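Numbering of residues begins at 1 and proceeds along the displayed sequence. Bear in mind the structure is a predicted one, so any value in this text is a computation, not a measurement.
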Amino acid sequence: MQRFIQRHPVWSFIIALGAAILLWLIFAPWSAGMEETLGKKRVFLNGIFGGITLGALYFLVASGFTLIFGLMRNVNLAHGSLYLLGGYLGFEISERTGSWFLAFPVVFVVVGIVGIVLQNQVFRRMEGEELRQTMVTIGLSVVIADLLLWQWGGQSYTIYAPDLLFGPMTLPIVSDVRDNGEVVYLNYPAVRMAILFAAIVIGVGMWLVLNKTRLGMLVRAGVDDREMLAASGVRIQYVFLAVFAFGAGLAGMAGIVGGTFQSLSPGEDTRFLLASLVVVIVGGMGSIPGAAIGALIIGLSEQLGLIYAPTYSVVFTFLIMAVVLAFRPQGLLGRG
């Protein structure tokens, strides 16, 4: 981040100015003129927090993807299928055990094992062959999607949050001031705020592991010069297996989150694979902070677009991607 600011002071100023305006719109009271222009503040705030929490979901999916694709150079286009598989497994576990929390570690382990099989049996045999990896994983995604359709059918499933996180929570943000002077604070679903907090913790933890630990050093060294690292006695294959398993497990847990946010149905795997690709392109391959920023930008653009320009809301995501590719092809925080 500091390197980006030093190299791009103008863009840094524009981003900081945009963030300051956004914070002012969130926390400042709105005048009657502003509400005539932008609509009710409550609707705007719901769009903002909807975009932030949707960005948290995109980050959980895309962070695993950026580890696998950005760091390890494995083109895993079956990543969306791992998301949907994790969602369906989470639904079954929460329904059978009545525990939403139990579904997360179980799904993380099971989908992580699937990731180990993919890395060991597929990607290890096609190292450096991006085109073969692309074609094979597209085929795998089609096969997995058909298996999921055979097992769970074409209907939609919703994973219900536990009673502890059920209902709204009051945030210290003013959403309205009534005529009698009464201040109304924003109410927002507690489960979404909990998942947002968990996504922040996971993101910070991943950044610390990759940048401040020996494991992260080995991963980065293995990507830069795998042969030299292997010659020094490090079993780099085991390191890559662990990273791939972690990325796959994150995608599986994101499936539970997605099933709680919205629903699970055939086709969600393709949607979240495309979202992951866009987030990684915007944020920069292999960058955890970049994935977080990209997910936040895409989530906000989708939700605010649905409120203020529903006809063109789908276009905004790809417009952002096109602008980033035109002016900074490596992504906002990607390495040149």
Item to check | Aromatic plane relationship, Trp152 with Tyr88 - under 30° parallel, 30 to 60° tilted, over 60° perpendicular | outcome: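 Tyr88 and Trp152: parallel rings.
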Next on the checklist: For residues 129-140, which residue pairs pass the salt bridge (charged side-chain N to carboxylate O under 4.0 Å, His left out) check, not counting sequence neighbours?
Outcome noted: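 Found Glu129-Arg132.
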Residue pair [X] / [Y], side-chain heavy-atom distance below 4.5 Å:
| X | Y | answer |
| --- | --- | --- |
| Met126 | Val122 | yes |
| Leu171 | Tyr185 | no |
| Leu164 | Phe101 | yes |
| Asp269 | Tyr83 | no |
| Tyr188 | Pro168 | no |
| Val136 | Phe123 | no |

Checklist entry - Is there a donor in the side chain of Gln303 and an acceptor in the side chain of Tyr308, or the other way round, less than 3.5 Å apart? => result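 No, because no side-chain N or O of Gln303 sits under 3.5 Å from a partner of the opposite role on Tyr308.
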Item to check | Residue pair Asn187 / Thr170, side-chain donor-acceptor N/O under 3.5 Å | outcome: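 Yes, Thr170 and Asn187 have a side-chain donor paired with an acceptor closer than 3.5 Å.
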Item to check | Row check, Phe49 ring normal vs Arg192 NZ/CZ: under 6.0 Å, within 45° | outcome: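 Ring-cation test returns no.
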Checklist entry - For Glu268, which residues count as a salt bridge (Lys or Arg N to Asp or Glu O under 4.0 Å) partner, sequence neighbours excluded? => result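 For Glu268, the residues satisfying salt bridge (Lys or Arg N to Asp or Glu O under 4.0 Å) (neighbours in sequence not counted) are Arg271.
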Item to check | Partner residues of Val142 under the side-chain contact (heavy atoms from CB on, under 4.5 Å) criterion, sequence neighbours left out | outcome: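 Testing Val142 for side-chain contact (heavy atoms from CB on, under 4.5 Å), a comparison that skips the adjacent residues, returns Asp146.
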